Amino acid sequence: MRGRKPNEIAAGSSPIVTVPRPPAWLSTDAKREWKRVAPILVERGHLEDADLSILANCCDAFGTMVAMARKIEAEGATIPNARGELKRNPATGIKNEAAIRHKQLCSELGLTPVSRARSTFKVANDDDLSFLD
């Protein structure tokens, strides 16, 4: 088994059963994303206390993406520099970095089609301890 990733991820013994409130420090758009995604993870039984910081960072990246998209829409993809020459709006780079971070964190949480296809989440019960093998 050396060099191979496990195919199954056994859910922990303490999944969160009610949707937690989003952290106060998240932006409005990030909180909206939390309220969209957290119920999905709770319903699947894939959210534990240890995952909340990953979820918060995922939603924060989404909020940053949206904020930068609005900034680009308002200012344009290019802006004039001190000499009046057009340069790339720095918001485009920030948006792209946030999009990459968002995708990575969504994958960690099993929120992308590829991440769901690669892993089988298995919930253990009292009668089934095969995940220990």
Side-chain angles (χ1 to χ4, degrees):
M1 286 281 197
R2 207 170 84 179
R4 291 182 48 171
K5 294 182 182 179
N7 289 337
E8 293 184 356
I9 299 172
S13 60
S14 59
I16 294 173
V17 294
T18 59
V19 178
R21 294 179 57 126
W25 57 267
L26 288 177
S27 69
T28 301
D29 290 313
K31 286 178 184 173
R32 189 174 300 120
E33 180 69 353
W34 177 288
K35 290 173 184 176
R36 185 185 73 81
V37 171
I40 295 168
L41 296 172
V42 169
E43 182 182 315
R44 291 180 187 166
H46 295 167
L47 189 63
E48 297 184 26
D49 285 332
D51 304 322
L52 294 177
S53 62
I54 295 171
L55 177 58
N57 281 300
C58 180
C59 295
D60 182 51
F62 178 83
T64 300
M65 241 179 10
V66 172
M68 292 302 104
R70 288 184 182 128
K71 188 171 179 68
I72 294 165
E73 186 176 326
E75 298 174 356
T78 58
I79 57 174
N81 64 15
R83 291 183 271 181
E85 302 165 335
L86 290 179
K87 65 172 192 161
R88 186 174 124 171
N89 188 332
T92 59
I94 297 168
K95 178 179 175 264
N96 291 340
E97 289 169 10
I100 291 167
R101 187 169 53 114
H102 181 254
K103 181 183 174 203
Q104 289 170 336
L105 293 168
C106 280
S107 182
E108 288 287 323
L109 292 166
L111 292 171
T112 65
V114 172
S115 65
R116 285 190 305 274
R118 286 186 182 155
S119 297
T120 305
F121 288 89
K122 182 176 181 179
V123 179
N125 62 37
D126 293 343
D127 299 328
D128 181 13
L129 298 178
S130 61
F131 67 95
L132 295 174
D133 294 331

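Side-chain atoms are counted along with the backbone in the values below, which use heavy atoms only and exclude waters and symmetry mates. All values derive from a computational prediction rather than experimental measurement.
Atom CD of E75 has more than 12 heavy atoms from other residues, nucleotides or ligands within 6.0 Å. Atom NZ of K31 sits in a crowded spot, with more than 12 heavy atoms from other residues, nucleotides or ligands closer than 6.0 Å.
The backbone N or O of I54 lies less than 3.5 Å from no partner atom in the side chain of N57, so there is not a single donor-acceptor pair. For N89 (side chain) and I79 (main-chain N/O), no donor-acceptor pair under 3.5 Å exists by modelled atom type.
The two atoms that bring P20 and W34 nearest to each other are O-NE1, 2.8 Å, heavy atoms only. When all heavy atoms of C106 and T112 are compared, the closest pair comes out as CB-CG2, 3.9 Å. Of all heavy-atom pairs between L26 and A56, the closest is CD2-O, 3.6 Å. Across all non-hydrogen atoms, the minimal contact from M68 to I94 is CG-CG2, 3.5 Å. Nearest heavy atoms, M65 versus K95: CG-O, 3.7 Å. Considering every non-hydrogen atom in both P15 and E48, the closest pair reads CA-CG, 3.9 Å.
A distance of 11.0 Å separates SG of C59 from NZ of K35, quoted to the nearest 0.5 Å. Between H46 atom NE2 and I40 atom CD1 the span is 12.0 Å, to the nearest 0.5 Å. In this structure, CG in L41 is found 6.5 Å from CZ in R44, a value given to the nearest 0.5 Å.
Cluster membership check: L111 shares its hydrophobic cluster with V19, using side-chain heavy-atom separations under 4.5 Å among Ile, Leu, Val, Met, Phe, Trp and Tyr. There is a path of hydrophobic side-chain contacts, each under 4.5 Å, that joins L52 to W25.
For the pair C58 and V37, the minimum side-chain heavy-atom distance is 4.5 Å or more.
The list of salt bridge (Lys or Arg N to Asp or Glu O under 4.0 Å) pairs with a residue in residues 57-68, not counting sequence neighbours, reads D60-R101.
The residues R70 and E73 are annotated as not salt-bridged, no charged nitrogen and carboxylate oxygen being separated by less than 4.0 angstrom.
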(request) Under the side-chain contact (heavy atoms from CB on, under 4.5 Å) rule, what do T18 and V42 come out as? Steps first, then yes or no, please. (result) CA-CA 7 Å; T18 59; V42 169; 5.9 Å; no
